[in-house]
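Step one of this worksheet: look at the structure below.
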There are 2 protein chains.
Amino acid sequence: MALGKDYATQECSIARALEIIGERWTLLVVRDALYGVRRYNDFLVHLGIPRAVLAARLQTLTAEGILEKRRYQQSPPRDEYVLTERGIALWPTLRALGQWGREHFTEARLRYFRHADCGTELGPYGECPACGTVVPVEDVLMVPGPGLDPDPADPVSRALLRPRRLLEPLDPEPAERIG
Amino acid sequence: MALGKDYATQECSIARALEIIGERWTLLVVRDALYGVRRYNDFLVHLGIPRAVLAARLQTLTAEGILEKRRYQQSPPRDEYVLTERGIALWPTLRALGQWGREHFTEARLRYFRHADCGTELGPYGECPACGTVVPVEDVLMVPGPGLDPDPADPVSRALLRPRRLLEPLDPEPAERIG
DNA sequence: CCTAATGGTTCGGTCACTGAACCGACGGTG
DNA sequence: CACCGTCGGTTCAGTGACCGAACCATTAGG
């Protein structure tokens with residue numbers, strides 16, 4: 001959050017949580033990480049976030065144990081940022097927030113979240129109404145809805161158009177497209 | 001949020017939601033409203049928020065249909081801010097966020113949320129494990145836990161120490177206390 | 001008339017965010 | 001080898017959100 005990042009007077013776990021993930025862009029970074037984004041550049045083009053802010057957020061999230069910085073190739077040295085268990089645990093929050101936004105402020109349906117095992121759309125609490133179980137994040141299938149731009153400009157958005165499980169690593173093809 | 005409040009490039013209901021409730025303090029105002037706080041001054045002393053920011057947030061939340069400004073006495077004219085249905089619908093989000101904060105960053109137990117009808121503590125998704133139903137917000141009983149300061153300075157925090165249902169209007173006694 | 005309570009508005013200062021430029025390590029090509 | 005491109009940053013000037021303190025308007029009560 002802007003300026004004083006903390007809520008010193010608050011004895012409240014909501015306030016503690018907001019001190020960590022309440023700053024601008026932070027939750028969108030976590031959302032993208034859930035969608036499978038892992039690389040600095042992919043976050044950058046997909047979010048349209050200033051580079052400096054992205055670097056700061058990745059560092060904070062790593063320091064707080066929400067992301068883990070991990071070298072995935074030696075030469076040239078390249079790191080990726082992967083959600084930890086603590087980060088994955090933000091899924092119910094993001095789901096609830098997205099649901100609220102959709103019900104109250106979005107007209108068209110942008111994405112569906114389904115139980116990968118049976119294809120049923122998740123219920124309001126992230127459970128599978130058919131199976132009667134809470135669906136673990138890796139078994140959530142994200143499917144684009146009719147409201148989503150079918151031909152977005154950036155390669156990350158394009159890669160996210162394929163139905164995919166949450167957390168499944170994203171690998172956008174290079175940005176070539178001529179017509 | 002600071003500066004550009006919007007996330008223009010994002011086709012996402014999470015981003016839409018964050019444009020509205022993602023600014024600093026906003027979610028804490030909504031939390032307090034769920035706890036029963038309704039008056040400007042009560043928000044002020046309980047949150048320790050700058051007056052100008054509080055006024056701005058109340059106005060935005062009212063404009064977005066999350067709070068409703070309502071005159072509760074004519075002379076002197078006094079208004080209170082009450083959650084609308086749209087605001088109450090943020091409860092699952094706040095609950096999930098608080099749960100995450102508690103599990104990952106808070107040591108002591110600050111508050112319990114119970115089903116008022118049977119006294120059972122709510123499960124991870126806001127349901128009552130005993131009754132097997134999702135508990136409506138008005139039937140959630142908030143009970144202070146052992147980690148909470150038993151004698152806080154401000155009268156609002158003191159009034160919130162009593163077990164109480166969510167949304168139940170708060171009426172802090174005037175700030176007298178001598179010992 | 002004076003004081004207190006409530007619900008603001010105004011204002012100067014600070015600091016987070018923004019966008020653009022720059023940078024260093026490495027790889028590939030000619 | 002020179003040159004270019006990619007990736008993952010850092011630096012920096014400018015802007016505007018947030019901060020805290022002061023001020024103000026309305027009404028009531030003594």
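Since we're looking at a predicted model, the values are computed, not measured. Reminder, nothing fancy here: chain letters follow the sequence lines and each chain counts from 1.
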Between [N] ([atom2]) and [X] ([atom1]): distance, integer Å:
{"X": "A:L58", "N": "C:dC17", "atom1": "CG", "atom2": "P", "answer": "14 Å"}
{"X": "A:I49", "N": "C:dC17", "atom1": "CD1", "atom2": "P", "answer": "9 Å"}
{"X": "A:E23", "N": "D:dC18", "atom1": "CD", "atom2": "C1'", "answer": "14 Å"}
{"X": "B:D79", "N": "D:dT26", "atom1": "CG", "atom2": "P", "answer": "15 Å"}
{"X": "B:D171", "N": "C:dT6", "atom1": "CG", "atom2": "P", "answer": "11 Å"}
{"X": "A:R57", "N": "D:dT10", "atom1": "CZ", "atom2": "P", "answer": "14 Å"}
{"X": "A:E80", "N": "D:dC7", "atom1": "CD", "atom2": "C1'", "answer": "14 Å"}
{"X": "B:L54", "N": "D:dA21", "atom1": "CG", "atom2": "C1'", "answer": "16 Å"}

Counting just side-chain N and O atoms, does [X] come under 4.0 Å of either OP1 or OP2 of [N]?
{"X": "B:N41", "N": "C:dG7", "result": "no"}
{"X": "A:K69", "N": "D:dG8", "result": "no"}
{"X": "B:Y7", "N": "C:dT18", "result": "no"}
{"X": "B:W25", "N": "D:dC19", "result": "yes"}

Classify the nucleic acid contact of [X] as base, sugar-phosphate or nothing, counting any heavy atom under 4.0 Å across all strands shown.
{"X": "B:A56", "value": "nothing"}
{"X": "A:Y81", "value": "sugar-phosphate"}
{"X": "A:V53", "value": "base"}

Measure from the side-chain N and O atoms of [X] to the backbone N and O of [Y], and report whether any donor-acceptor pair falls under 3.5 Å.
{"X": "B:T106", "Y": "B:G101", "result": "yes"}
{"X": "B:R102", "Y": "A:A17", "result": "no"}
{"X": "B:T26", "Y": "B:G22", "result": "no"}

message = Below 30° counts as parallel, above 60° as perpendicular, anything between as tilted: where do the rings of B:Y125 and A:Y125 land?
response = perpendicular

query = So A:Y7 and B:W25, would you call those rings parallel, tilted or perpendicular, with 30° and 60° as cut-offs?
reply = perpendicular

inquiry  = Judged by each residue's nearest nucleotide on DNA chain D, which is more toward the 5′ side, B:R51 or A:D42?
reply    = A:D42

key: Candidates D:dC18, D:dG8, D:dG20 - which lies nearest the side chain of B:R24   = D:dC18

Shorter than 3.5 Å, N or O on both sides, protein versus nucleotides 25-29 of chain C: list them out with atom names.
from	atom 1	to	atom 2	distance (Å)
C:dC26	O3'	A:S75	OG	3.2
C:dG27	OP1	A:S75	OG	2.1

task = Determine, stepwise, if the pair B:W91 / B:V140 fulfils side-chain contact (heavy atoms from CB on, under 4.5 Å).
result = CA-CA 11 Å; B:W91 165 237; B:V140 173; 4.2 Å; yes

ask   = Do A:L167 and A:L67 share a hydrophobic cluster (ILVMFWY, side-chain heavy atoms under 4.5 Å, transitive)?
value = yes

